[in-house]
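Convention: sequence-line order gives letters A, B, ...; per-chain numbering from 1. Below, each value reflects all heavy atoms present in this structure, side chains not excepted, and no hydrogens, waters or symmetry copies.
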2 protein chains.
Amino acid sequence: MNLAPHPFTLRQLQYVVAVADSLSFRKAAERCHVSQPSLSAQIAQLEGVLEVQLFERDQRRVLLTAVGAQLVERARRLLVDVEALTEAARRAGDPLSGTLRLGVIPTVSPYLLPAVTPALRRHFPRLTVRWLEDKTEVLTRELERGGLDAALVALEADLGDVESAVLAEDPFFLVTPKDHPLGQKKGAASPSELRGQDVLLLDEGHCFREQALALCSKARAHELEFRATSLPTLTQMIASGAGVTLLPALAVATEVKRSELRVRPFADPAPKRTLALIWRKRSPFTGALREVAGAMKDAWPRK
Amino acid sequence: MNLAPHPFTLRQLQYVVAVADSLSFRKAAERCHVSQPSLSAQIAQLEGVLEVQLFERDQRRVLLTAVGAQLVERARRLLVDVEALTEAARRAGDPLSGTLRLGVIPTVSPYLLPAVTPALRRHFPRLTVRWLEDKTEVLTRELERGGLDAALVALEADLGDVESAVLAEDPFFLVTPKDHPLGQKKGAASPSELRGQDVLLLDEGHCFREQALALCSKARAHELEFRATSLPTLTQMIASGAGVTLLPALAVATEVKRSELRVRPFADPAPKRTLALIWRKRSPFTGALREVAGAMKDAWPRK
DNA sequence: GAGGTTCATAGCCCCAGGCTATCGACTCCA
DNA sequence: TGGAGTCGATAGCCTGGGGCTATGAACCTC
């Protein structure tokens, strides 16, 4: 890309087009809302820098030269493009229109999006959301890089210096096979029950794994060697007797439809994660994102 | 076409592109050869008029917003177009390149172009000539309108206020069937020989017809009722005994190859036409056209 | 030849956009 | 922990480009 300052002005092009249209400097000046000398000067200057005579003129008439005609055509198209650019930018200026690039973690995405997507469409009809599902670390990196405008993550993870709006508390549940000793117990569960148990957790990198793992190691539970790649497979494996696990409330309704599983809440203070929308401080979308977060909160799936 | 002054500058677009490339105001300013505050100000101003934040910036980093990225893409293409326009105009600025729109009358065109066209191509390799063949009246009108840059006509016709460069004198010849009384005479012809003769002339509107007609009516010749639409058909008709006619020297070599015709020059002062290149006074091509005329003169077919 | 065109020229004025200097925030390193 | 270095933003000044009015020169019309 050439860096040298451009030798002419958009306004000069406008003047040229106006003169070509009316074949009169006077009329063209009038239509451009400038004085005729100003317009003359600009045309002359353009002809000067291009070293081309665009119009052939004497006291009574103005004619387009062949070069002039060619340049006018190009100028016309160019001005239309400029117009389009302006318009596009202006319309995109409304932050609740255009495209918002949102990240979301995999332990939230499948349970939340079915409820939230239509709500957003309803609230912000001019807004298009592009979702990126990935683990927190990737999301925060993309956010930092500017590849994302915001992300939906758990505040308990390591997020760096961001602004956030809390969407919901998401308490954890103890999930066991129905015939498992822990599944037999009545009432709320306590973390201490996990002591010595075989616990199945998610793969590395999931923030939910980190939280669950913290709980388990405090309770001296025993993590199984193999790990699940997603909550559906995790649930599946528990159902087939692999051990016990934790599930966030958000996932419970969807995952635990089969009667072989027993789901018990934890006694207060229940372990939980805090789901929030986060974005860069100084993001130009701060205002819009607060609104979006509000809409998400309202649309949050109630258990 | 919108007449309102454009809200931004090509330079501002350049700045935006430069910042987007380097993701640094400082470096962008350097590459644009301006101070960083000047560049900052221009960017801020552009963001102001568009009511859009293009870059997200703090003290250590600069990020493109989604809107910004979109605008930068458009701006890039636009700047390329501007570059192309400049280049096209500059190259067209060399009057001996690009396209020259030339008119030529029908009684010249078929005899001259075969010789002149290659010569022009040789002399001015960057020049493309677009020929328009028509009668003088049409050509002068087009010249006046600006549809033609120059025309090759006979100066004896009514041409209006133009500048010209004479290319050649084109004397007239008396053409008769070989067995015609006038074809039997020896030596140069005299207009007075035409008295009472049946003369065949071209159709209305040809300047050559007007000249020949003037000669004939002065000599009290008798014009035949039917008229030829071109010099080839005219010659053809004379050969088949329709009467006598005049031909300009330029046409003689081509048209009179058959032995049934006798061609006699006129005694001094021989009637003639003066062929010249004409163009509008104040034409931007005046210089180039003189050169073109020179080349045409040199390439003129010698009898 | 007077009056009304047209575009060009002259001369004035003002602000847009340039500059330097500096601030304020942050990073990095000793 | 403090000092040096980097970043973009701000402040304040200066200049020239592009605006204006008034006028000139050439041409048309009546």
## Note on the structure
Scoring nucleotides 14-21 of chain D by protein non-hydrogen atoms under 4.0 Å (B base, S sugar-phosphate only, - none) yields ----SSBB
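The base of dG8(D) is paired with the side chain of R26(B) by a donor and an acceptor separated by under 3.5 Å.
Contact check on R141(A) versus E137(A) returns a salt bridge, with a Lys/Arg side-chain nitrogen under 4.0 Å from an Asp/Glu carboxylate oxygen. Classification of E30(B) and K27(B) as a salt-bridged pair fails, no side-chain N sitting under 4.0 Å from a carboxylate O. Using a cut-off of 4.0 Å between Lys/Arg side-chain N and Asp/Glu carboxylate O, E163(A) and R290(A) are scored as salt-bridged. Between D161(A) and K281(A) there is a salt bridge, with a side-chain nitrogen of the basic residue lying less than 4.0 Å from a carboxylate oxygen of the acidic one.
The local environment of NZ in K272(B) is crowded, with over 12 non-hydrogen atoms from other residues, nucleotides or ligands closer than 6.0 Å. No more than 12 heavy atoms of other residues, nucleotides or ligands lie within 6.0 Å of CZ in R130(B), so this atom counts as exposed by the packing criterion.
At a threshold of 4.5 Å between non-hydrogen side-chain atoms, the residues C32(B) and Y15(B) count as touching.
Put simply, CD on E56(B) is 19 Å from P on dC7(D), counting in whole angstrom units.
Chain A approaches DNA chain C within less than 4.0 angstrom (heavy atoms of the protein), and the contacting nucleotides run 5' to 3' from dT6(C) to dC26(C).
For the residue pair T286(A) and S283(A), no side-chain donor N or O sits within less than 3.5 Å of a side-chain acceptor on the partner.
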